[in-house]
Amino acid sequence: MESDETWSLDLSDLPVSRRANEIACAVEKNAVTVIIGETGSGKTTQIPQILLKAGVIAEDKAVCVTQPRRVAAVSVAKRVAEEMRVRVGEEVGYGVRFEDRTSTATRIKYVTDGTLLRELLEDPQLSKYSIVVLDEAHERSLNTDILFGVLKKLVTTRAEKFRLVITSATLDGEKFSRYFGSPVFTIPGRTYPVQIAHSTHAPRSYFESAIETVMDIHLNAGPGDVLCFLTGRDEIEKCCRRIEDAVRTTRQCMDMQVLPLYASLTPDMQSRVFQPHDANVRRVIVATNIAETSLTVPGIVFVIDPGVVKQIEYDAATGMESLQVVQISKVQAQQRAGRAGRTQAGRCYRLYTKDALEHDMPKVTRPEIQRTCLVATILYLKTLDLKDLDVMTFDFLDAPDPDLIADALRQLYLLGGIDDDGNPTRVGREMSTLPLEPSLARAMVEARHFGCVLETATVAAMLSVGQHYDEATSLLELVSHDDFLMGDHIVLLRVFQAWERDGYRRSFLKRFSLSERGMEFARDIRKQLLGLVEVTRTSHDQGLRMLRRSLCVGFATKIAHRLPHHNGYRTLGEHSTLCQVYPTMARQLADDDGLLPEWILFHEFVLTSRPYLRYVCKIESEWISKQREMLSKKIDIHRLSRGALNPSLSSQLNTKPTATEVDVGLKAPGARKTTEEDISAARERYLARKRKALD
DNA sequence: GAGCACTGC
């Protein structure tokens with residue numbers, strides 16, 4: 001369900017409402033119910049109301065509905081409150097980061113899936129809720145996938161009645177049904193017909209083919225706006241220019257307005273898509289995947305789908321991330337085509353053959369949990385204290401590659417988040433309470449000891465945000481020469497501090513061409529962090545040594561050493577990799593001889609045209625002797641995979657020193673080791689599933 | 001001297 005649904009329908013006549021009784025009975029009777037509701041079925045807004053009216057929710061409890069995105073959680077809550085004629089925050093409310101609009105009267109609560117994960121840490125029984133609805137399950141976000149496993153377990157263990165409802169937009173309910181052992185309801189949607197045309201042969205270039213298709217529609221088809229999917233910013237900007245040129249050189253055609261749409265575009269530019277326009281001008285929106293789920297562009301009649309998308313991949317061996325252009329799945333193709341039928345009948349031009357769709361494209365997108373670094377996920381599962389947890393054999397809907405889990409365990413151990421027996425340490429528990437990625441969370445924990453919480457919180461907040469400044473920013477006015485030499489972390493700190501001194505004014509951001517969205521987000525995160533971590537003392541940190549030493553602890557697994565005679569680097573660790581500092585960042589770091597620091601830590605390691613380190617900070621070799629020693633030692637992954645079997649043992653072990661303080665080879669008595677067989681069995685199951693998925 | 005999709009606590 002989209003937040004910006006434009007049509008108005010008779011609510012009592014929504015497809016889902018017609019089966020209200022059946023749905024309520026099924027949820028009452030079954031621990032888990034899967035509901036497949038296509039676009040326009042009304043599932044997101046109606047199911048909670050149906051359950052409330054039917055009395056399936058215990059009187060003193062609520063139903064919690066998760067959404068993958070904030071805006072959706074907020075706007076759906078507002079809409080349901082309107083339908084029920086109550087104010088938001090009363091019977092209907094929402095909870096997202098930085099904002100909780102609920103009260104004791106709240107019976108229907110919309111949250112982001114991340115918020116529910118947080119609530120689980122505080123209250124593992126979710127005692128406030130009778131029912132949890134995991135909405136948009138087909139998107140398979142990392143957070144939803146974690147919730148699948150955790151809530152599936154809770155359904156069988158909670159003493160009080162607890163029901164789980166999974167709603168998905170794809171027709172592939174069988175998979176969910178098999179996993180949860182639940183019945184499936186399929187509810188038709190309400191959209192306008194979309195006529196689909198496939199290419200008769202594979203185009204040589206999807207980019208050129210997209211431009212040709214836009215022009216073909218413009219010259220030959222009737223009125224209606226066009227939505228064309230492409231993979232990224234550069235490609236989109238280039239495409240927009242090419243289309244504009246083509247229109248300019250074509251005589252006798254109607255006017256056209258070409259608009260790019262992607263996430264890193266300023267909000268001003270993004271909003272142009274939603275502004276009314278002259279009906280005599282054809283609008284062409286060239287967009288990334290943002291237009292597939294997050295934003296609904298109004299008035300689209302024609303969709304052009306080149307069949308590709310840019311996707312993140314993580315290589316556990318080297319710790320390197322890459323964004324790769326890959327084929328979309330059949331489900332995505334269906335979703336894209338659906339964008340043409342939102343307000344009237346439409347047409348979708350697929351720039352690939354019907355044969356390619358049927359035989360080459362995967363049925364569903366590979367879930368994020370199989371493509372990303374899992375340190376945060378594994379730490380989360382460990383700190384939940386699930387009974388008999390072995391992360392290698394945890395009941396995921398689609399298990400990640402064991403190498404991915406092993407990598408996460410190794411990193412978590414090196415950071416001191418888990419001990420020799422795989423139990424979460426006190427440090428690990430502290431880390432998991434912070435809304436930060438693990439390396440930054442670890443640095444924050446360390447900052448307390450070094451007395452540099454304020455500075456570390458600022459850097460962590462800035463690094464949590466993608467955009468800060470651009471080429472037009474005159475950093476030299478904000479950052480001293482000496483600070484520049486220490487790297488991006490310090491530059492980000494100084495930029496934030498300059499804004500803070502200025503009283504957080506918008507004019508300051510404009511003057512220095514700083515990203516409003518990014519900086520204000522960083523300010524919110526920083527405030528949140530300072531509310532969670534006590535500021536122990538404020539030191540006069542000469543050369544910001546304490547800050548950088550805290551970072552060394554958090555980024556123990558992300559250190560690089562410069563090669564002797566030039567500015568190339570080599571990452572530390574078992575699979576040491578040659579790489580370079582991202583050019584814009586290196587420019588600031590080089591000393592008078594043009595040489596970069598001998599030792600640096602890095603925030604990101606990404607493969608683009610080459611392996612690049614992004615956001616780097618100069619460090620001293622004597623600060624990382626322990627980290628280097630740890631990195632070179634052999635770690636027993638089998639032992640880390642399985643934690644203590646009972647909570648009392650677990651809490652006893654939590655007082656043990658962290659990994660950075662103990663010898664790696666040391667064996668603690670008592671814990672059962674996960675054997676080599678367990679791991680190979682897990683691997684076998686994973687490979688079998690993968691084979692099956694490919695069939 | 002390069003060029004990063006999208007979310008979120």
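Convention: sequence-line order gives letters A, B, ...; per-chain numbering from 1.
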In this structure, which one of A:Phe605, A:Tyr582, A:Tyr569, A:Phe602 forms a ring-ring contact (aromatic ring centres under 6.0 Å, His included) with A:Tyr612?
-> A:Tyr582
When you get a sec, tell me which of B:dC9, B:dA2, B:dC4 is the closest nucleotide to the side chain of A:Arg118?
-> B:dC9
Would you indicate which nucleotide in B:dA5, B:dC9, B:dA2 comes nearest to any side-chain atom of A:Tyr612?
-> B:dA2
Residue A:Arg70, side-chain atoms from C-beta onward, closest of B:dC6, B:dG8, B:dA2 | B:dG8
Between B:dT7, B:dA5, B:dG8, which one does the side chain of A:Ile290 approach most closely?
-> B:dT7
Where the side chain of A:Thr112 is defined as all heavy atoms beyond and including C-beta, which of B:dG8, B:dA2, B:dA5 is the nearest nucleotide?
-> B:dG8
Can any side-chain N or O of A:Thr45 pair as donor or acceptor with the backbone N or O of A:Val80 at less than 3.5 Å?
-> no
Between B:dC9, B:dA2, B:dA5, which nucleotide has the shortest distance from any of its atoms to the side chain of A:Arg610?
-> B:dA2
A:Ala263 has a side chain; which of B:dC6, B:dA5, B:dC9 sits nearest to it?
-> B:dC6
Does a nitrogen or oxygen in the side chain of A:Ser141 sit under 4.0 Å from OP1 or OP2 of B:dG8?
-> no
Please confirm whether any donor atom in the side chain of A:Arg69 sits under 3.5 Å from an acceptor in the base of B:dC6, or the reverse.
-> no
For the side chain of A:Ser294, starting at C-beta, report the closest nucleotide among B:dT7, B:dA5, B:dG8.
-> B:dT7
Nearest to the side chain of A:Val96 - B:dC4, B:dC9, B:dC6?
-> B:dC9
Determine whether any donor atom in the side chain of A:Glu235 lies under 3.5 Å from an acceptor atom in the base of B:dC4, or the reverse, and answer yes or no.
-> no
Hey, are the side chains of A:Val165 and A:Leu134 touching, using non-hydrogen atoms and a 4.5 Å cut-off?
-> no
